[in-house]
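Working notes, beginning with the structure itself.
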Amino acid sequence: MPKLIKNLALQEHDDWILMNECLCGQLAEYTDKHLIVPLDCWLQCQDELLARKGKTGVWLDSHQLPEELGKKGINLPLIALNFPTFKDGRAFSSARELRQNLGFKGELRAIGDVLRDQLFYMARCGFDAFALREDQDIAEALTGFADFREVYQASPDQPLPLFRRRS
């Protein structure tokens with residue numbers, strides 16, 4: 001189970017189950033569970049998923065666009081963006097798109113190849129939860145959010161650029 005940081009704090013327990021395959025028509029045993037399902041599963045059986053007592057979240061692979069979620073998807077409590085490898089930064093753009101242009105207000109979780117060195121930048125793009133790779137030191141990872149004291153550009157975590165904050 002990946003180590004989870006949420007709102008800059010270590011989470012002892014994660015209520016969400018990351019589903020790797022679609023179980024449309026087989027969700028009876030998951031009625032009360034909070035599920036994070038692949039985008040394809042969401043698109044195939046969103047009515048069945050939303051009818052359950054448990055919450056539903058969706059995860060997008062790096063090649064999938066946030067707009068594919070549709071209107072119901074933007075109102076989900078959780079969207080996870082997958083980093084298949086640390087070299088693939090497309091999820092950074094998707095996070096910013098979700099927060100700034102699509103108005104997503106729920107939990108935005110980074111999953112996959114999530115490393116300590118990326119956390120500061122992920123938070124800048126709008127992520128507020130991070131499922132770290134198993135080999136990452138959680139105490140060391142928490143220090144990653146303080147790598148820099150000041151930022152120049154505007155972003156979801158700091159809407160005003162530095163020159164506007166100094167005026």
Side-chain angles (χ1 to χ4, degrees), residues 1-8 11 13-27 30-31 33-136 141 144-145 153-159:
M1 176 176 210
K3 302 167 188 173
L4 182 66
I5 297 173
K6 185 175 175 184
N7 298 321
L8 305 180
Q11 298 297 296
H13 182 70
D14 184 8
D15 293 331
W16 292 88
I17 300 170
L18 185 65
M19 306 294 286
N20 290 320
E21 60 182 298
C22 190
L23 298 175
C24 290
Q26 305 170 31
L27 293 170
Y30 298 102
T31 300
K33 308 273 192 237
H34 301 329
L35 303 178
I36 305 172
V37 299
L39 176 63
D40 295 338
C41 183
W42 167 251
L43 295 175
Q44 288 175 14
C45 55
Q46 62 184 265
D47 292 333
E48 182 182 356
L49 287 163
L50 292 175
R52 300 173 319 105
K53 291 180 186 176
K55 296 178 184 175
T56 300
V58 174
W59 63 276
L60 302 174
D61 272 324
S62 59
H63 68 280
Q64 296 170 319
L65 299 174
E67 294 82 8
E68 295 178 60
L69 287 165
K71 290 189 185 269
K72 287 183 184 176
I74 297 305
N75 295 318
L76 290 170
L78 183 147
I79 295 175
L81 300 176
N82 186 33
F83 287 83
T85 175
F86 78 95
K87 297 182 287 186
D88 188 341
R90 292 177 284 182
F92 286 100
S93 299
S94 293
R96 193 164 178 141
E97 178 72 17
L98 282 162
R99 291 289 191 212
Q100 285 187 317
N101 298 338
L102 299 175
F104 179 68
K105 302 290 185 210
E107 178 181 324
L108 191 53
R109 184 179 293 198
I111 61 172
D113 199 13
V114 179
L115 306 173
R116 178 246 185 253
D117 294 347
Q118 302 166 310
L119 297 180
F120 178 84
Y121 303 106
M122 288 177 175
R124 295 268 303 141
C125 291
F127 287 99
D128 55 4
F130 313 85
L132 291 165
R133 205 170 70 185
E134 274 300 318
D135 65 341
Q136 298 295 291
F145 296 103
Q153 310 91 339
S155 71
D157 76 329
Q158 177 54 265

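Everything quoted here is computed from the prediction, not taken from an experiment.
- In this structure, V114 and M122 have side chains that are in contact, with non-hydrogen atoms separated by less than 4.5 Å.
- Residue L60 comes nearest to L69 through the heavy atom pair CD2-CD2, 4.2 Å, listed as atom of the first residue, atom of the second, then distance.
- Counting all heavy atoms, side chain and backbone alike, D128 lies closest to G106 at OD2-O, 4.0 Å.
- C45-C24 SG separation is under 2.5 Å; the pair is scored as a disulfide.
- Taking CH2 of W59 as the reference point, atom CD1 of I111 lies at 5.5 Å (rounded to 0.5 Å).
- Rounding to the nearest 0.5 angstrom, the gap separating the CG atom in L49 from the CE atom in M19 is 9.0 Å.
- In terms of heavy-atom proximity, L76 sits nearest to T56 at CD2-O, 3.3 Å.
- Annotation for Q100 and S155: closest pair NE2-C, 4.1 Å, computed over non-hydrogen atoms.
- Annotation: the span from N75 atom CG to L102 atom CG amounts to 11.0 Å, rounded to 0.5 Å.
- In this structure the side chain of Q64 never reaches within 4.5 angstrom of the side chain of N82, judged on heavy atoms.
- When each of K3, K33, K6, R109 is checked for a salt bridge (Lys or Arg N to Asp or Glu O under 4.0 Å) with D14, only R109 meets the rule.
- Note on ring orientation: taking the six-membered ring where Trp is involved, the planes of F127 and F92 are perpendicular (angle over 60°, cut-offs 30° and 60°).
- Between W16 and P77, the closest side-chain pair of non-hydrogen atoms falls below 4.5 Å.
- No more than 12 heavy atoms of other residues, nucleotides or ligands lie within 6.0 Å of OH in Y30, so this atom counts as exposed by the packing criterion.
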Chi angles and distances behind the side-chain contact (heavy atoms from CB on, under 4.5 Å) call for H34, L78: CA-CA 10 Å; H34 301 329; L78 183 147; over 6 Å; no
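- A distance of 6.0 Å separates CD of Q153 from CZ of R124, quoted to the nearest 0.5 Å.
- The shortest non-hydrogen separation linking G126 to R99 is O-NE, 2.9 Å.
- Looking at K72 and D47, their side chains come closer than 4.5 Å, going by heavy atoms from C-beta outward.
- Within the 3.5 Å criterion, the main-chain N or O of L65 finds a donor-acceptor partner in the side chain of E68.
- Contact between C41 and L23 at its shortest, heavy atoms only, is SG-N, 4.1 Å.
- F86 is not listed as a side-chain neighbour of D117, based on a closest heavy-atom distance of 4.5 Å or more.
- Here E48 contributes atom CD and C22 contributes atom SG; the two are 8.0 Å apart, rounded to the nearest 0.5 Å.
- Between the CG atom of N20 and the CD1 atom of I36 there is a distance of 10.5 Å, given to the nearest 0.5 Å.
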Worked check of side-chain contact (heavy atoms from CB on, under 4.5 Å) between L108 and L81: CA-CA 8 Å; L108 191 53; L81 300 176; 4.0 Å; yes
side-chain contact (heavy atoms from CB on, under 4.5 Å) evaluation trace for L8 with L119: CA-CA 10 Å; L8 305 180; L119 297 180; over 6 Å; no
